[in-house]
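Every number for a ligand or one of its atoms is a count from 1 in the order of the listing.
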Amino acid sequence: MRFVLGVRGPEWETQRYRQAGWVLLPLRAFLGVTFAFAGLQKLANPDFLNASSPASVQHQMALLAGQSPIGPLVRLSLHVGSLTGILISLAELAVGVGTLLGLRARLAAVGGALLALTFFLTVSWNASPYYYGADIVFLFAWTPFVAAGAAGVLSLDGWIAERARSAAPTHGRGGTTQQELAGTRERRAIVTAGAATLLVAGLTAFVGRLAGGTASTAARKQLTPNRSRQATRPSARPSTDPTQSSAPQRRPSGTNVGPVSAVPVGQAAEFKDPATGNPGWLVCLSAGKFAAFSAVCTHAGCIVQYQASNKEFVCPCHGGVFSARTGAVLGGPPPSPLPPIHVAVSDGHLYVD
Ligand code: FES
C-alpha cells in the first residue's frame with residue numbers, strides 16, 4: 001500500500017512559489033513605481049545638481065554628514081557630489097524599472113534595499129520615533145523580493161526561463177546549448193531595458209531642465225531685496241519671538257526685501273536670507289504683523305512650502321509640518337523648529353536680518 005497524501009512534488013512547489021509572486025504583486029508594483037518616480041523626479045529637478053541651491057544634493061549631503069552614522073562616507077562623497085546625485089538617481093530608476101519588468105528582480109531588490117538602507121542611515125536617521133521615517137519601511141519591504149525576486153510572475157526573468165525550458169532540442173542552431181540561448185536572451189533583455197532606461201532618464205533630465213528654466217521665470221510670489229534701501233551691515237538676530245508689529249519705529253538695520261503690500265494678510269512670500277543666502281519665508285500673520293523663517297527644513301534640508309489654508313509650512317520630502325506663526329514642528333520627522341529670522345517694518349517696507 002502506497003501513501004501519497006502529503007507528497008508534494010516540484011510542480012506543487014512551483015505553484016506555491018508563483019502564488020507568492022501574485023500575492024506580492026501590489027507591493028512590487030508600488031516599490032517599482034516609487035523608485036522609478038523618485039529617480040525621475042531627481043533628474044527632472046533643475047536644483048538637484050545645482051550646488052548653490054539649498055535643494056541640491058550637495059547641500060543635503062553637507063547637512064546630513066554631521067548627523068549621520070555614516071557621516072565620513074557622506075563627506076567623502078561630497079567631493080563628487082554631482083556624480084553621487086546622478087548615480088543615486090540612475091540607481092533608483094534602474095531598481096524601479098527592473099522591479100516593474102521583473103528583470104533581474106532579485107538584483108534590483110538588493111539595490112533597492114541598499115538604497116533604502118543608505119537613506120535610512122542619512123535622511124531618516126534622526127526621525128523620531130523611528131517609524132516616522134519611511135526609509136526603514138522601504139528597507140524591510142524589499143526583503144521578500146531579495147529572497148524570491150518576482151517569483152516568475154509577470155516578469156522578464158520568468159519569460160526568459162520559460163523560453164529556455166521550452167527550447168528543444170537541448171542543442172539549438174549551430175550547436176548552441178539551452179543555457180547559452182537563455183543567457184543570450186537575458187543579455188538582450190538587459191541591454192534593451194538598460195537602453196530604454198537611459199533614454200527615459202535622458203529625456204526626463206532634458207524636459208526637467210527646460211521646465212525648471214521656465215518655472216524659475218514664472219510668476220511666483222518672491223520678494224526681491226531693494227538694494228537702494230539696503231542697510232550696510234545686518235544686525236545680530238534676536239532669539240526671541242520672530243514676529244514683528246508695524247508700530248512706528250526708526251529705520252531698522254538689515255536688508256530691505258520689499259514693500260509690505262507685497263505680502264497680503266494670510267499670505268507668504270519667499271526671500272533670500274541675507275545672512276545665509278538660503279531661501280526664507282515671510283508671512284503676514286495679521287495686518288502689519290509679520291514673521292519670517294528659514295525655508296530650509298531642519299530634517300534633511302528640503303525647502304518647505306507655505307500652505308495658506310492652515311497657515312503651515314509643509315516639507316515635500318518627508319511630510320514635516322511647521323507652524324507659520326512660530327516655526328514650531330507640528331508633525332513629521334524634523335527634529336527642531338524652523339530658524340526664525342528677525343523682520344521689521346519701516347516706511348512701508350520689510351527689513352530682515
Ligand atoms: Fe525630511 Fe523635511 S527634509 S521632513
Side-chain angles (χ1 to χ4, degrees), residues 34-35 37-71 73-75 77-78 81 84-85 88-89 92 115-141 242 268 270-273 276-283 291-341:
T34 303
F35 271 65
F37 179 65
L40 291 175
Q41 200 184 32
K42 289 182 179 72
L43 290 169
N45 181 357
D47 283 335
F48 184 64
L49 297 176
N50 174 9
S52 61
S53 165
S56 67
V57 64
Q58 294 92 334
H59 182 88
Q60 291 192 31
M61 284 166 72
L63 204 75
L64 293 168
Q67 55 190 43
S68 161
I70 56 167
L73 199 63
V74 177
R75 248 174 245 116
S77 313
L78 251 178
T84 306
I88 289 173
S89 316
E92 284 181 325
L115 282 169
L117 178 65
T118 308
F119 296 148
F120 170 63
L121 292 174
T122 50
V123 178
S124 296
W125 185 249
N126 287 307
S128 176
Y130 71 93
Y131 50 76
Y132 271 159
D135 298 309
I136 192 167
V137 182
F138 278 113
L139 174 58
F140 284 97
E270 281 183 272
F271 68 97
K272 190 173 176 183
D273 180 357
T276 62
N278 288 337
W281 279 107
L282 218 154
V283 194
F293 303 94
S294 164
V296 181
C297 180
T298 53
H299 179 222
C302 294
I303 303 304
V304 297
Q305 299 301 316
Y306 179 64
Q307 278 192 351
S309 53
N310 36 11
K311 309 247 182 338
E312 288 171 354
F313 295 113
V314 177
C315 179
C317 290
H318 311 101
V321 182
F322 302 87
S323 161
R325 180 167 287 276
T326 64
V329 179
L330 300 179
S336 53
L338 289 175
I341 296 172

Neighbouring protein N, O or S atoms of atom 1 (Fe) of ligand 1 [cut-off: under 2.8 Å, no waters]: His299 ND1, His318 ND1
Without placing hydrogens or testing angles, list every side-chain donor-acceptor pair under 3.5 Å for residues 291-298, not counting sequence neighbours.
{"from": "Ser294", "atom 1": "OG", "to": "Val296", "atom 2": "N", "distance (Å)": "3.1"}
{"from": "Thr298", "atom 1": "OG1", "to": "Ser336", "atom 2": "O", "distance (Å)": "2.5"}

Distance, nearest 0.5 Å, that separates CZ of Phe138 from CZ of Phe120: 14.0 Å
Note, Asn50 side chain near Gln58 side chain (heavy atom, < 4.5 Å): no
All side-chain hydrogen bond (donor to acceptor under 3.5 Å, both in side chains) counterparts of Ser323, not counting sequence neighbours: Thr326
Phe322: partners by ring-ring contact (aromatic ring centres under 6.0 Å, His included), with sequence neighbours left out: none
Gln305 side chain reached by Phe313 side chain, heavy atoms, under 4.5 Å: no
